[in-house]
Amino acid sequence: MDKMPLLAVLLQSFPESILLFSLGCAVWGIKLNFKKIIPAAAISAFVSWGVRALPFPFGVHTVIGFFVLMSLYAIFFKLQFIKAIVATLFSLGSLVTAEVLMQPIINNIFHFNKFSDAWDSMYLRIVVYLPMLFLMLILLILMIKFDINIVTLLNEQIRRKKER
């Protein structure tokens with residue numbers, strides 16, 4: 001399907017995976033532990049690289065990636081099954097949202113018909129992805145700075161109910 005160059009894995013997929021795992025931890029209020037995030041991200045990035053090279057129909061790599069992320073959340077961060085699913089859905093949802101928000105802008109700037117037009121140039125492929133990673137990083141920073149996560153939101157709901 002997609003023969004991603006190794007440099008793109010290191011400069012695009014690996015940082016993306018770091019952000020995915022960081023967002024998944026942040027949504028549960030788990031302190032970021034890069035001793036766990038970095039190896040999980042490396043495994044995720046390289047599994048994604050391998051799966052993208054296989055002749056699967058479009059979208060299959062996303063389904064496989066979902067199960068890989070979910071499994072790595074369970075293994076590295078000891079998340080229960082449901083929590084791993086929520087972390088995976090949140091982090092991938094954040095990625096998709098960043099792509100949806102940035103893709104029209106990037107397509108307009110670079111005169112692409114579709115985002116995959118950048119795939120032929122390794123450097124362009126990396127550069128056009130940076131705004132999406134930046135949006136995800138902003139979300140992560142805001143979540144950490146303002147302590148926005150499922151646990152604090154649920155505790156706030158419980159507190160409000162008790163006040164009534």
Side-chain angles (χ1 to χ4, degrees), residues 1-30 32-34 36-107 110 112-122 124-140 143 148-151 153:
M1 184 180 125
D2 175 26
K3 304 240 186 277
M4 181 182 265
L6 183 58
L7 188 59
V9 173
L10 297 174
L11 297 178
Q12 175 194 345
S13 188
F14 180 61
E16 173 189 295
S17 293
I18 289 173
L19 284 167
L20 290 174
F21 284 108
S22 297
L23 284 165
C25 287
V27 80
W28 284 110
I30 298 170
L32 300 186
N33 180 345
F34 288 99
K36 293 180 179 181
I37 290 172
I38 301 250
I43 292 167
S44 175
F46 282 101
V47 167
S48 176
W49 181 44
V51 169
R52 284 176 176 266
L54 298 173
F56 292 137
F58 182 77
V60 172
H61 79 282
T62 304
V63 174
I64 293 170
F66 178 89
F67 287 106
V68 168
L69 280 175
M70 188 179 67
S71 300
L72 292 173
Y73 277 120
I75 294 166
F76 281 87
F77 305 100
K78 308 294 186 232
L79 291 182
Q80 298 164 343
F81 182 70
I82 296 299
K83 286 186 174 184
I85 290 173
V86 170
T88 303
L89 288 172
F90 179 78
S91 58
L92 289 177
S94 300
L95 174 63
V96 168
T97 301
E99 287 180 355
V100 166
L101 291 172
M102 295 308 299
Q103 189 172 6
I105 297 167
I106 291 167
N107 287 352
F110 290 98
F112 293 150
N113 290 322
K114 55 189 182 301
F115 193 68
S116 59
D117 291 348
W119 288 359
D120 292 336
S121 166
M122 178 179 56
L124 196 54
R125 175 184 202 137
I126 294 166
V127 168
V128 300
Y129 218 76
L130 293 177
M132 286 169 264
L133 296 179
F134 184 69
L135 274 182
M136 292 169 61
L137 179 60
I138 290 171
L139 174 62
L140 176 64
M143 289 176 70
I148 301 168
N149 59 64
I150 289 174
V151 175
L153 293 174

Return the minimal non-hydrogen interatomic distance between [X] and [Y], and the atom names on each side.
X	Y	result
Leu23	Met143	CD2-SD, 3.9 Å
Ala42	Phe14	N-CE1, 3.5 Å
Pro15	Leu10	CD-O, 3.3 Å
Ala45	Ser17	N-OG, 3.8 Å
Pro5	Arg125	CD-NH1, 3.9 Å
Asn149	Val27	CB-O, 3.3 Å

Roughly how far, to the nearest 0.5 Å, is [atom2] of [Y] from [atom1] of [X]?
X	Y	atom1	atom2	value
Leu11	Met122	CG	CE	8.5 Å
Asn33	Phe76	CG	CZ	11.0 Å
Leu139	Ser94	CG	OG	5.0 Å
Arg52	Ile64	CZ	CD1	11.5 Å
Leu133	Leu140	CG	CG	12.0 Å

[X]: what forms a side chain to side chain contact (heavy atoms under 4.5 Å, CB included) with it, not counting sequence neighbours?
X	answer
Ala98	Met132, Leu135, Met136
Ile37	Ile18, Phe21, Ser22, Leu32, Phe34, Phe77
Ile138	Phe134, Leu142
Ile75	none

Are any non-hydrogen side-chain atoms of [X] and [Y] less than 4.5 angstrom apart?
X	Y	answer
Leu124	Phe112	yes
Ile150	Phe90	no
Ile105	Pro131	no

Item to check | Heavy-atom donor-acceptor pair, Trp49 side chain to Met4 backbone, under 3.5 Å | outcome: yes
Item to check | Donor-acceptor under 3.5 Å (Thr97 side chain, Gly93 main chain) | outcome: yes
Can you give me every donor-acceptor pair (side chain of residues 81-88, partner residue at least two apart or in another chain, under 3.5 Å) with its distance?
from: Thr88; atom 1: OG1; to: Met70; atom 2: N; distance (Å): 3.4
from: Thr88; atom 1: OG1; to: Ala84; atom 2: O; distance (Å): 2.7

Next on the checklist: Would Val68 and Val51 count as a side chain to side chain contact (heavy atoms under 4.5 Å, CB included) here? Give the steps.
Outcome noted: CA-CA 11 Å; Val68 168; Val51 169; over 6 Å; no
Item to check | Contacts of type side-chain hydrogen bond (donor to acceptor under 3.5 Å, both in side chains), residue Ser91, not counting sequence neighbours | outcome: Tyr73
